[in-house]
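Positions are given from 1 along the sequence. All values derive from a computational prediction rather than experimental measurement.
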Amino acid sequence: MTLIRTAAVTFAAAFLLSAPAAAGTKDDIRDLQARLAAAEQALSGQSQAVLKISQLERQLQDMTGEIERLQYELDQANTRLDAVSAVLAGDTNYQAPGDFSNGGAASGPVSLMPGANAASGDPIGDQISQSSAAPVGAAAGDPSDIALPLDPNAAFDYASGFLLAGDYQRAKAAFTLYVEAFPSHPRTADAQFRLGEIHLALGENAAAADAFIAHIRNYPNDQRSAEAYLKLGTAFARLDKSKEACTVFKTMKSKHPNAPSPVVQRADLEMARIDCQ
């Protein structure tokens, strides 16, 4: 706009100097000034329009990002529900298309009863049950330095050692590697169960649900299957999925009528807490 004004003024000055004075000269200058003012106003309006369009584009980008985020969360929720439905229906061939996102506000381990554990003489389970909220040492250690022994039993003891030391991050990494490295070993069911317990202890409730679903699906006859149902239901309750939690607890009771008393009592407490009908 400054260039336009300068050019116009220059033109007007040249015109006055080169042309003879005439009665219409002042009128011509006024007309030129009016046109210049109109041009400046038009340019100002265009600048405001461009600015408004830019603002609308940014708002559209923000809205698109929010829609994509909500769609992702909906897809994750649907995936989780599909996995639970398949497991509860006894479909052992169902494979979830990926781990669930971590989430859930509540944290801390799930003790079966105060001071009790379903498997007596279980020092690892006792260690987890005695922790309150996020365990001390949960963030200790660098999981990248895990070196799992080649022997399955030595590897299990190696991972369990981190749990007993309260190093939950390394324990989680070690048991994850164990499940991947020894999928058919007799102790892998226990490793999968421990992995779910660690996620619960760290407040990673969606990941805990994923781990316990994998345990129920892959090891339906494991001695801790009923407890896996209990802790799966607890994970869903912590995710504010009360309907799904109630379904899991009821399924546990129907599939495991002879479950250990601490497991049944804990399930009853959880069902009462979330008002299962």
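Closest non-hydrogen pair, L230 versus F249, comes out as O-CE2, 3.4 Å. Minimum interatomic distance between C246 and I274 (heavy atoms only, all atoms of both residues): SG-CD1, 3.6 Å. When all heavy atoms of A171 and A159 are compared, the closest pair comes out as CB-O, 4.1 Å.
The closest side-chain heavy-atom distance from N153 to H185 is below 4.5 Å. The shortest distance between side-chain heavy atoms of S242 and D275 does not fall below 4.5 Å. For the pair L232/H215, no side-chain contact is recorded, criterion being any heavy-atom separation below 4.5 Å from C-beta on. Proximity of D145 to R170: side-chain heavy atoms (C-beta onward) are separated by under 4.5 Å at one or more points. Between K250 and M271, the closest side-chain pair of non-hydrogen atoms falls below 4.5 Å. Contact of the F156 side chain with the D190 side chain is registered, since non-hydrogen atoms from C-beta on lie closer than 4.5 Å.
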Inset, instruction - Would you please test V263 and M252 for side-chain contact (heavy atoms from CB on, under 4.5 Å) and show each step? - result: CA-CA 10 Å; V263 174; M252 183 207 80; 3.7 Å; yes
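Grouping the Ile, Leu, Val, Met, Phe, Trp and Tyr side chains by contacts below 4.5 angstrom, directly or via other members, places I216 apart from V179. Both F182 and L163 are assigned to one and the same hydrophobic cluster, defined by single-linkage of ILVMFWY side chains at heavy-atom distances under 4.5 Å. The cluster map of Ile, Leu, Val, Met, Phe, Trp and Tyr, joined by side-chain heavy atoms under 4.5 Å apart, puts I213 and Y219 in different clusters.
Going from atom OG1 of T234 over to atom CZ of R266 covers 6.0 Å, rounded to the nearest 0.5 Å.
The aromatic rings of Y158 and F162 sit perpendicular, their planes meeting at an angle over 60°, well past the 30° parallel limit.
Both the sub-6.0 Å distance and the 45° axial angle are not jointly satisfied by R194 relative to the ring of F175.
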